[in-house]
Each structure stands twice: as structure tokens, then as C-alpha cells.
Amino acid sequence: MCVFAHQNFLKDPPFGKMDFVSCRNVLIYMDAYLQKKALTTFHYALNPTGFLLLGKSETISSVTDLFAVAEKTEKVFSRKNVPARFMPIASQRSEQNMGLPHAKTSPDIMHADYKKIADDLILSQYTPAGVIVNEGLDIVDFRGITTPYLEQGPGKPSHNVLLMAKPGLGFELRNLLHKSKKTKSPIRKENIPIQLNGHLSAVAIEVIPLPNTIDAYYLILFHTANSQVLKSGTIVNKRGTHLADEKDQLIYQLERELAQVREDMRNITQDQEAINEELQSANEELLSGNEELQSLNEELETSKEEQQSANEALTMVNQEIIALNEQVTTTRDYAEAIIANMREPLLVLDKSLRIKTANNAFYKTFRVNESETENVLVYDIGNKQWDIPELRTLLENILPEKSTFTDFEITHTFTAIGKRSMLLNAREIITQNSLEKLILLSIEDSTVEINLRNQERLVQKQLQFIADAMPEKVWTADVAGNANYFNQCWLTYTGLTFDDLKDWGWERIIHPDDRVETQKSWQHSVYTGTDFELQHRFLNADGAYKWHFSRSIAQKDEQGVIRMWIGTNTEIHEQKTQHDVLEKAVVSRTFELQEANETLGERNEELQHMNKELEAFAYVSSHDLQEPLRKIQTFAGRILEEENQHLTDNGKSYLQRLQLAAARMQQLIQDLLAFSRVNTAERNVELTDLSALVGDVLSEIEEAIADKQAIIDVSELGTASVSVFQFRQLMHNLIGNALKFSNPAISPHIRIKSQLVKGSELPYTTLLPEKTYCHITITDNGIGFDAQYRDRIFDVFQRLHSQEQYNGTGIGLAIAKKIVENHNGIIMATSELNKGAQFDIYIPVI
């Protein structure tokens with residue numbers, strides 16, 4: 001529930017049991033006393049778990065025992081569970097209400113708490129009247145009916161109890177309050193005469209200091225008894241005489257007051273005498289001081305002229321100081337701009353190691369703000385993650401011992417940024433004029449560098465482990481060429497330690513004849529950065545020199561700067577020894593080869609002559625063999641035509657078989673001639689339109705295609721550099737082969753297409769990866785063949801069917817393979833029985 005109402009929280013009683021109080025930018029307009037009073041009121045009004053919200057410039061410094069900080073940056077405070085101390089302030093309205101003790105209560109208001117009603121009646125009728133005053137003697141609360149003793153005087157209203165006291169009470173009140181303040185205990189005085197309702201009465205006044213209050217408060221009670229009314233009672237003096245006369249009673253009362261005044265005057269006189277003695281001694285000191293001042297005055301007058309001249313000099317110095325201050329201001333602004341712009345986090349600590357200031361990089365890196373950082377111990381920031389004993393020792397020694405520290409490394413998992421490695425540097429900020437001791441602490445995030453360094457160390461250890469496990473001699477050197485690592489193989493070979501070999505110690509194991517050349521070549525590589533390669537001899541642990549091939553390569557960074565050298569030494573003693581033997585053998589073998597080459601030259605000439613004779617023989621033989629076959633076919637045909645009536649059926653059959661055999665023999669001779677021409681014919685390669693070439697072949701076998709009722713689909717085949725004659729024969733053989741081995745049950749369907757592919761994309765090792773190939777595919781739906789014969793079908797005279805099933809010589813596919821090989825390509829066949837066959841040709845594109 002929210003309640004909105006006008007309320008003076010300094011005077012009116014506050015609402016109770018509230019969860020939250022917001023009072024922003026109000027307390028800044030009040031003095032310390034009113035601020036304390038307002039905060040005490042808020043504490044009284046809040047629940048035990050309530051919160052208080054103040055303005056940015058307001059604090060609870062005066063009542064830290066009542067509130068605790070809940071959120072410093074937002075100025076939110078929580079209520080402490082301590083007894084409430086509400087400080088009431090009397091108002092005119094409350095005083096007027098007290099002056100009406102017999103006011104009748106409205107009959108409509110009924111009170112159920114009869115105990116409270118009884119307590120109120122007792123307090124109003126039987127409790128003495130009184131007031132509560134503060135340390136300034138201002139009335140803050142009225143108790144009972146005080147009008148017989150206190151009243152407002154003419155003029156400006158006042159709540160001062162001495163100004164409101166009726167005649168005869170002011171002096172007594174001042175005296176009693178003074179004594180109570182001095183003794184801090186209750187004080188009471190009896191029989192103080194006062195006019196009450198036109199009669200002289202005796203009043204007792206009691207002053208009681210209120211305990212356990214924030215400020216000093218005093219309770220003043222006025223006691224009046226009926227027996228003390230002077231006109232109706234009698235008073236017995238010290239001699240035992242009853243004083244019935246009012247005048248006598250007054251005289252007796254005045255005598256008692258006079259005696260009390262004398263006692264008070266005696267005390268005051270004693271205090272005054274003590275003060276006079278102090279004043280007299282102070283006066284004597286003042287007189288002596290006056291004499292000294294007179295002498296000093298004379299000295300000052302004499303030095304006046306000197307001061308005037310000094311003032312002129314100071315004026316000059318002042319002008320110089322102003323100029324220097326401007327320079328210092330400029331320098332300070334310049335330094336602050338540099339610090340603010342630095343990427344490294346910086347902290348300035350005071351002598352107590354509290355953070356005085358931090359730059360923007362620190363707030364950004366560790367994701368904190370100023371309120372969480374400034375005036376906080378460096379060990380307490382970030383959930384005490386900087387509380388490191390070694391760091392504490394280093395920081396605490398900087399100011400006393402004038403020490404510094406550099407690159408102090410810490411690794412910690414920070415809540416906001418995760419695991420980080422930091423390098424800390426600290427030193428005292430030295431200033432000539434400042435009395436404040438300050439420490440500058442810089443923080444460098446070295447997580448990446450340390451991780452890289454750890455990775456490099458791990459890699460180095462792994463490389464050293466690998467190098468030690470290698471049978472090869474491995475070593476490294478720095479930029480200047482000084483050896484700084486030898487693997488275990490090196491140490492085992494030489495029988496020396498690393499200390500013996502490091503730097504340039506390895507030179508002593510080089511053969512004396514090779515030492516100068518080795519030094520010269522190695523220094524040249526170090527100066528120029530070129531690779532070091534040399535064959536020289538090294539001394540082993542047994543005292544023998546072995547030939548080695550040494551090689552070292554400079555390791556460079558991205559900018560080309562040499563970082564180190566990595567070298568190997570391979571033992572080639574056996575190869576070197578064998579090399580000498582081989583050189584002698586090579587000389588001998590060279591002589592023998594020269595003689596063999598001369599003999600081969602002679603034989604080559606003979607073979608060339610024989611090849612020419614064989615070509616002539618093949619040409620003559622082919623023509624001579626075809627001539628008898630043509631005669632056999634001619635005469636057999638004439639017999640069948642002219643002597644048909646005189647021949648028996650068997651005779652006719654024999655003659656027909658004779659003609660068929662002669663035809664097969666003639667086809668065989670023609671295929672053999674074609675096969676031999678493929679090997680011997682000149683290869684005139686030219687860029688050819690393959691689609692046009694296939695069209696010519698289809699025109700030549702148009703009758704066979706029509707006879708078979710075949711369907712041939714030819715896509716755009718593109719161009720390729722081929723031998724036109726041989727490639728036409730290749731297409732003729734492959735298309736004819738597809739027509740020949742067609743399935744009688746269905747019409748032949750032949751598809752021819754091509755595409756360009758890279759050799760690297762093909763699974764064939766005989767093709768070059770960097771070449772581009774023309775891939776020609778010929779597919780049919782014929783009878784096919786078993787996959788196990790895919791290589792045998794390209795052999796000469798290889799047939800998979802009998803002559804009666806499919807005629808042919810068994811040379812057609814062999815010719816096709818030879819033509820493809822003449823074009824530096826390959827031909828592959830894939831098939832299954834009764835599922836057709838596919839021929840893939842790959843010819844390089846020139």
C-alpha cells in the first residue's frame with residue numbers, strides 16, 4: 001500500500017511499519033542536528049528489514065549505528081535492528097492540547113483499552129507537571145498542566161524555559177539546570193515561593209537528566225503540595241516556634257533563601273577567586289609577552305626595509321612561480337591524458353595501499369566502476385583476488401625501503417573476465433614538493449604471451465624429444481651461429497657432453513683438413529642467411545673420422561628476420577667410400593658403354609634396313625595373299641553361276657563355304673594391314689570437330705544402322721586434337737562393334753557424349769593430374785560381356801563368341817586400343833551380361 005500525504009517529518013509523528021522510505025536531495029538543505037533528527041525518525045518508521053533511499057550527495061555518517069550500506073552507488077541503506085530513538089519536537093498544537101486537560105471526549109469515540117484510559121487519568125491528575133528541555137534549554141515536550149509555572153511573555157514567541165518561567169522561578173531554574181549539567185545527576189530544591197492563583201505558595205523543582213539519549217535532555221518537574229500553601233498552613237522554624245503569621249512565614253522563607261544564596265555566593269566567590277588567580281598569572285604572562293612584542297616590533301621596523309626589497313624579489317619569483325605553475329598544470333594535464341589513453345591498467349595507491357585513482361583501462365579490463373575501486377584496499381578489490389602474500393610483501397616494502405619490482409607474475413580466475421595472467425610493476429611516485437607518499441602500480445595482461453610461451457616451451461620439449469629419438473644427428477644454433485642444442489645421437493656419436501660442444505666447441509671434432517672450409521662456409525651462411533650445406537669429416541667417440549653431409553636452414557619470422565638455425569648431420573661415410581669405387585666403375589663402364597653404343601648403332605642400322613624390308617615384304621605379302629583369294633572367290637562364283645545345274649547340293653555347299661572362308665581370310669588380311677598401319681603410319685594431329693567426324697562414320701554405315709533399326713544419340717562432342725584417319729577408324733570399330741553385338745530381341749540404342757575433366761579428378765594413375773582430358777563415352781544396350789573379360793577384349797585375336805554366333809576377326813578392339821594409346825590416352829570397358837556395354841575414352845587436350 002502507498003500513502004501520499006503532506007507531513008513534516010521533523011515534527012509530526014511518522015508512519016510506522018513501512019518497508020521503504022525515499023528521501024532524496026532534502027537533507028542537503030539541513031544542518032547536522034536536523035539531519036540526525038530526520039534519520040532517527042526514518043529509523044523509527046521502518047520495519048526491521050526496511051530500506052532507505054537517499055540522494056547522491058547525502059550520507060548516513062551521523063547515524064551509522066542505525067543504518068547499514070546496502071548499495072553504495074545507488075545510495076540504498078538497510079535498517080539495523082537496534083532500538084528506535086524517535087526524537088519528538090513539541091508544537092504549538094500539542095501545547096494547546098495539554099492546556100485543556102478537562103476537554104471532553106466526543107461521545108462517538110469509544111476506547112476499548114480501559115487500561116490505557118486509566119493510565120491517562122492517573123498521569124493527568126496525579127503526576128506533577130513538567131517539561132523536557134534540550135541542551136539549549138528549549139522546551140521540546142510538555143507534561144501535564146504547566147500554565148501555573150510557565151507562560152509566554154510579550155513580544156516574539158519563545159520556547160526557552162528561562163524566558164517562559166514566571167517571576168521567582170527563572171533564577172532557581174537556571175541554578176538547578178547548571179548544577180545538574182555539572183554533576184550529571186538529579187537536583188531538587190524545596191519551598192520555592194511563587195504566586196499561585198493570587199496566593200503565595202511553596203513549590204519544589206526537580207531537574208533530572210534523561211539517560212540513553214543521543215543529545216542531552218533534561219526533565220523539569222514542578223511539585224506543589226497543599227500543605228505548602230502559606231496562607232492556610234503553619235511552618236515551624238529551627239527553634240521549634242510555630243509561625244502562623246503570613247509575614248513571619250515569608251520572613252522565614254526569605255531567610256532560608258538568603259542562606260542558600262549566601263552558600264551559592266560562597267561557591268561562586270571561590271570559583272571567582274580561582275579564576276582571578278588564573279587571570280592574574282595570565283596577565284603577568286601577557287605583560288612579559290608585551291615586552292617581547294615591543295622588542296619584536298623594533299626588530300620588525302628595522303627589517304621593514306629588508307622586507308620591501310625582499311618583496312620586490314618575491315614579486316619576480318612569484319611571476320616565475322606562476323609561469324612554472326602553468327607549465328606544471330600543462331604537464332599534469334599532459335600526463336593525465338597519457339595515462340587515460342594508455343591500454344595498460346594503472347593504479348595509484350596511497351601509503352595505506354588504498355586505491356587513490358585508476359585509469360579507464362583498469363575499469364574496462366576488470367569491468368568495475370569508481371565506487372567499487374577508489375578508497376578501497378588493493379587486497380579487497382575483486383572479491384579479494386589480489387590478496388597474495390608475496391604481492392603484499394612487495395607493496396609494503398616499496399615506501400619504507402624505496403624499492404621497486406618488475407614483471408611480478410600472477411595467474412588468477414577473475415569473476416568478470418575469466419582466467420588471466422598478469423605482469424605487475426610498481427614503484428614510488430617521487431615528487432619534490434608533495435608530502436603524500438604514492439605508489440604507481442601498472443598491470444599488463446600477459447595471458448596471450450604466456451600461453452604462447454608455454455606452447456613454445458611445450459613444442460620445444462616435444463621437438464627435443466623427437467630429435468633425441470631420431471637416429472639422425474640434429475642441432476640448433478642462435479642468430480649469431482652459436483650452437484645451443486645437440487640431440488642424443490650427437491652426444492652418443494662424439495662421446496662428449498653438451499657443455500663441450502656448445503657455442504663453437506663443436507669445431508674441434510672437425511677434421512683439420514676440413515676445419516677452415518667449414519668455418520668459412522658456416523660464417524657466410526650466418527651473415528647472409530643462405531642455407532648451409534657441406535660434406536666434411538667428424539671425429540667419433542672411437543677416434544675415427546666419418547664423412548657427414550651437414551645441412552642447416554635459417555628459421556625466419558613473418559618479417560623475414562632470422563630467429564634460429566636448425567641443422568642436421570647425416571653420416572655418408574659408406575656412400576662416400578662407395579662413391580670412389582663407383583667413380584672407378586663408372587669410368588670403366590663408360591668405356592664399355594661407348595663400345596656397346598657403337599655396336600648398337602651398327603645393329604640399329606641393320607634393324608632399320610630390316611624394318612624397311614619387312615614393310616616391303618608385308619606390303620607385297622598382303623597384295624600377293626589377297627590376289628589368290630580374289631581368284632578363289634571369282635572362280636567359285638563363276639562355277640556357282642555357270643555350272644550350277646551340274647553340281648550336287650553338297651558341291652554347291654562346299655563352294656559357298658569356300659567363298660565365305662576366302663572372304664574371312666581377306667577380312668583378316670585387311671585387319672592385319674590396318675593394325676600394322678596403326679603402328680607405322682604417320683600421326684598428323686589436327687584440331688577436329690568430333691561431332692562432324694562421328695557424323696561421317698554414321699553415313700558410311702548407314703545401311704547397317706537401317707538394317708538393325710538402331711537408334712544413335714550423339715550429343716555435342718566438341719573439338720579435340722586427333723589424327724583424323726585413325727580416329728575415324730576408332731569410331732567406326734566401336735560403333736560397328738555395338739551394332740554387331742546387339743540384342744536380337746530389342747532395337748539397338750547407342751549413346752555418344754563427351755566432356756572435359758581434370759586428370760586430378762580421375763582415379764587412373766596413368767593419367768597426368770595437371771592435364772585436361774576429353775572424356776568420350778559410348779554406351780549400348782547389347783548383349784554385353786562378363787566383367788572378368790574387360791581387359792582381354794582388347795587383345796589381338798581375342799574372341800568371346802564362336803564364328804557361327806558372331807562373325808569377326810578379333811582385331812577391331814585391339815586396333816581401337818592402339819589408336820587411343822597413339823593419342824597418349826586410355827580406353828576402358830565396363831559391362832555386365834545382357835545389360836549392354838560402355839566404352840570410356842580419355843584423350844588429352846593439347
State which residues pass side chain to side chain donor-acceptor pair (under 3.5 Å) with S371; sequence neighbours excluded, sorted by chain then number.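 For S371, the residues satisfying side chain to side chain donor-acceptor pair (under 3.5 Å) (neighbours in sequence not counted) are N369.
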Any chance you could lay out the side-chain contact (heavy atoms from CB on, under 4.5 Å) test for L27 and L39, step after step, and finish with the verdict? CA-CA 9 Å; L27 300 181; L39 293 172; 3.8 Å; yes
Looking at [Y], is its backbone amide N or carbonyl O close enough to the side chain of [X] to form a donor-acceptor pair, meaning the two atoms are under 3.5 Å apart?
| X | Y | answer |
| --- | --- | --- |
| H223 | E190 | no |
| K166 | P148 | yes |
| R79 | T49 | no |
| K402 | E428 | no |
| T393 | P389 | yes |
| E58 | N25 | yes |
| S78 | A70 | no |
| T404 | A426 | no |
| N318 | L314 | no |

Only one of R188, K189, K179 passes salt bridge (Lys or Arg N to Asp or Glu O under 4.0 Å) with E206; say which it is.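 Per the salt bridge (Lys or Arg N to Asp or Glu O under 4.0 Å) rule, the option paired with E206 is R188, out of R188, K189, K179.
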Would F405 and N425 count as a side-chain contact (heavy atoms from CB on, under 4.5 Å) here? Give the steps. CA-CA 6 Å; F405 63 84; N425 303 302; 5.7 Å; no
Does atom [atom1] of [X] have more than 12 heavy-atom neighbours, drawn from other residues, nucleotides or ligands, at distances under 6.0 Å?
| X | atom1 | result |
| --- | --- | --- |
| R427 | CZ | no |
| K181 | NZ | yes |
| R174 | CZ | no |
| E71 | CD | yes |
| K184 | NZ | no |

Applying side chain to side chain contact (heavy atoms under 4.5 Å, CB included) between L424 and each of L347, L394, I410, report the one that passes.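 That would be I410.
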Partner of Y149 by side chain to side chain contact (heavy atoms under 4.5 Å, CB included), out of L173, V131, I194: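 The option that passes is I194.
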Would you be so kind as to tabulate the donor-acceptor pairs closer than 3.5 Å made by side chains of residues 348-362, with sequence neighbours excluded?
unit_1: D350; atom_1: OD1; unit_2: S352; atom_2: N; d: 3.0
unit_1: D350; atom_1: OD1; unit_2: L353; atom_2: N; d: 3.0
unit_1: D350; atom_1: OD1; unit_2: R354; atom_2: N; d: 2.7
unit_1: R354; atom_1: NH1; unit_2: N375; atom_2: O; d: 3.0
unit_1: K356; atom_1: NZ; unit_2: E436; atom_2: OE2; d: 3.2
unit_1: N359; atom_1: OD1; unit_2: L346; atom_2: N; d: 2.9
unit_1: N359; atom_1: OD1; unit_2: F362; atom_2: N; d: 3.1
unit_1: N359; atom_1: ND2; unit_2: I339; atom_2: O; d: 3.3
unit_1: N359; atom_1: ND2; unit_2: E344; atom_2: O; d: 3.0

Side chain to side chain, I220 and I205, heavy atoms closer than 4.5 Å: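 Heavy-atom side-chain distance check passes, below 4.5 Å.
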Shortest non-hydrogen separation from M30 to V26 and the atoms involved: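 Between these two residues, the closest heavy atoms are CE-CG1, 3.9 Å.
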Where D65 and K80 come nearest, the two heavy atoms and their spacing: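 Reported closest heavy-atom pair: O-CD, 3.4 Å.
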